[in-house]
Amino acid sequence: MGKLYLGFLASRGGSNLQAIIDAIKEGKLDAVPCVVISNNSNAFALERARREGIPCYHISSKHYPDENELDEAILQTMLRHNVDTVVLAGYMKKVGNKLLQHFKNRVLNIHPALLPKYGGKGMYGEFVHKAVLEAGEKESGCTVHLVDEIYDHGRILGQSVVPVYPDDTVESLAARVLEQEHKLYPQILQKIASGEIVL
Ligand code: GAR
């Protein structure tokens with residue numbers, strides 16, 4: 001496949017975004033961070049992009065109440081920045097159909113659990129870890145997968161497993177999983193760049 005031209009969608013702190021940028025800077029990932037888009041003007045992900053000199057935009061339903069227009073605005077911004085692969089990095093909104101169709105099999109997500117378990121609508125961030133703890137699971141982890149029209153449903157590209165301890169809280173489990181996310185996401189992207197994973 002060769003060098004990846006990445007466009008990010010992020011809603012939160014952007015620690016996965018940062019891990020991917022760092023891997024690029026360290027020469028571990030053959031990619032260019034082209035643009036960062038957030039639906040949340042206060043997302044620290046946008047601040048990280050500014051610090052790294054990556055073009056970034058706040059694009060949300062406040063600007064585009066019509067979801068098709070929002071989808072189109074995100075797509076056009078990705079295209080303007082020559083993106084070839086879309087990376088969801090803590091993006092808490094559903095991705096629009098136009099973006100998905102244009103970037104068919106080229107939209108990736110990271111989910112903080114071992115899909116197909118603990119996925120689907122409403123299963124994001126802390127809600128995932130809460131459900132894992134309530135079910136008494138002995139293991140959890142994270143999953144990088146392709147995005148399709150159904151929440152957390154597309155082809156799984158890679159997973160990392162972590163133990164769940166009896167005294168875990170949502171915070172302690174989230175932190176253990178997040179540490180693995182920061183390793184897994186750049187690794188999977190590099191496997192795509194190198195051709196080891198074919199999308
Ligand atoms: C990560 O744990 C990511 O897996 C999760 O949100 C967090 C974002 O952290 N994503 C989802 O739950 C998506 N359904 P970050 O903003 O620090 O990368």
Side-chain angles (χ1 to χ4, degrees), residues 6-25 29 31 33 35-52 54 56-60 74 85-96 99-100 107-135 137 139-164 168-189:
L6 305 177
F8 294 89
L9 283 166
S11 304
R12 293 191 165 188
S15 69
N16 277 291
L17 164 69
Q18 190 69 53
I20 293 166
I21 294 169
D22 291 347
I24 294 170
K25 291 207 282 195
L29 171 57
V35 65
V36 175
I37 299 172
S38 183
N39 59 306
N40 169 10
S41 61
N42 296 318
F44 192 61
L46 287 174
E47 179 58 24
R48 291 183 193 271
R50 279 183 217 110
R51 289 180 188 182
E52 301 286 346
I54 303 166
C56 62
Y57 302 87
H58 169 220
I59 306 179
S60 77
I74 293 173
T85 306
V86 176
V87 175
L88 308 191
Y91 190 57
M92 302 300 160
K93 297 277 172 191
K94 201 158 194 276
V95 174
L99 187 80
L100 276 183
V107 181
L108 281 80
N109 182 43
I110 189 150
H111 185 79
L114 297 172
L115 292 175
K117 287 173 115 179
Y118 305 104
K121 197 165 164 45
M123 274 292 176
Y124 59 88
E126 42 293 338
F127 297 110
V128 176
H129 304 299
K130 191 167 177 283
V132 168
L133 290 176
E134 280 173 3
E137 295 284 356
E139 286 184 333
S140 189
C142 51
T143 303
V144 174
H145 65 97
L146 288 182
V147 176
D148 63 14
E149 300 73 28
I150 304 167
Y151 271 111
D152 302 322
H153 169 268
R155 176 182 155 203
I156 291 175
L157 303 176
Q159 293 185 311
S160 292
V161 179
V162 303
V164 178
D168 262 329
T169 60
V170 166
E171 290 73 26
S172 65
L173 178 58
R176 193 174 309 119
V177 171
L178 196 59
E179 205 183 317
Q180 293 308 312
E181 292 183 41
H182 297 161
K183 294 182 186 149
L184 183 68
Y185 220 168
Q187 278 169 6
I188 297 297
L189 287 166

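As the structure is a computational prediction, the values presented were derived from the model and not from experiment. Note that ligands are numbered from 1 as they come in the structure, with each ligand's atoms numbered from 1 the same way.
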Undergrad: Where do L157 and I188 come nearest, in terms of heavy atoms and distance?
TA: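 What the structure gives for the nearest pair is O-CD1, 3.5 Å.
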
Undergrad: Given V36, which of L6, L17, I21 fulfils the side chain to side chain contact (heavy atoms under 4.5 Å, CB included) condition?
TA: L17

Undergrad: Backbone N or O of S41 within a donor-acceptor pair of the S38 side chain at under 3.5 Å?
TA: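 Not confirmed, S38 side chain does not pair with S41 backbone.
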
Undergrad: Nearest heavy atom to atom 6 (O) of ligand 1 wins, so pick from R12, M92, M123.
TA: M92

Undergrad: Identify the protein heavy atom lying closest to atom 2 (O) of ligand 1, giving its residue, its atom name and the separation to 0.1 Å.
TA: E181 OE2, 2.8 Å

Undergrad: Quick one about N39 and S11 (side-chain donor to acceptor, distance below 3.5 Å, no hydrogens or angles considered), yes or no?
TA: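 Yes.
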
Undergrad: May I ask you to identify the nearest protein heavy atom to atom 15 (P) of ligand 1, giving residue, atom name and distance to one decimal place in Å?
TA: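 Looking at atom 15 (P) of ligand 1, the protein heavy atom closest to it is S15 N, 3.4 Å.
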
Undergrad: Identify the two heavy atoms, one from A89 and one from N16, that lie closest to each other, and give their separation to 0.1 Å.
TA: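 The pair with the smallest heavy-atom distance is CB-CB, 4.2 Å.
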
Undergrad: Could an N or O of ligand 1 be found under 3.5 Å from any N or O of G90, whether backbone or side chain?
TA: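 No; every N/O pair is 3.5 Å or more apart.
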
Undergrad: Give a yes or no answer on whether the side chain of S160 reaches the backbone of G141 with a donor-acceptor pair at less than 3.5 Å.
TA: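 Flag not set: sc S160 to bb G141 has no pair under 3.5 Å.
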
Undergrad: Could you pull out the closest heavy-atom pair between F127 and G122, with the gap in Å?
TA: CB-O, 3.6 Å

Undergrad: Can you pull out the closest protein heavy atom to atom 12 (O) of ligand 1? Residue, atom name and distance to 0.1 Å, please.
TA: G125 N, 2.8 Å

Undergrad: If you count the atoms of ligand 1 from 1 in the order shown, which ones are under 4.0 Å from a heavy atom of Y124?
TA: 12 (O), 14 (N)

Undergrad: Identify, for atom 13 (C) of ligand 1, the protein heavy atom at the shortest distance, and state residue, atom and that distance.
TA: I110 O, 4.0 Å

Undergrad: For atom 11 (C) of ligand 1, what is the nearest protein heavy atom, given as residue, atom name and distance?
TA: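 Of the protein heavy atoms, P112 CD, 3.7 Å lies nearest.
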
Undergrad: One pair to check against salt bridge (Lys or Arg N to Asp or Glu O under 4.0 Å): E52 and R48. What are the steps and the verdict?
TA: CA-CA 6 Å; E52 301 286 346; R48 291 183 193 271; over 6 Å; no

Undergrad: Indicate, as side chain, backbone, both or neither, the part of L88 found under 4.0 angstrom from ligand 1 when only non-hydrogen atoms are considered.
TA: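 Neither; nothing of L88 gets under 4.0 Å from ligand 1.
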
Undergrad: Of all the atoms in ligand 1, which lie at a distance below 4.0 Å from a heavy atom belonging to G13?
TA: 16 (O)

Undergrad: Could you tell me, atom by atom, which parts of ligand 1 come under 4.0 Å of a heavy atom of G14?
TA: 15 (P), 16 (O), 17 (O), 18 (O)

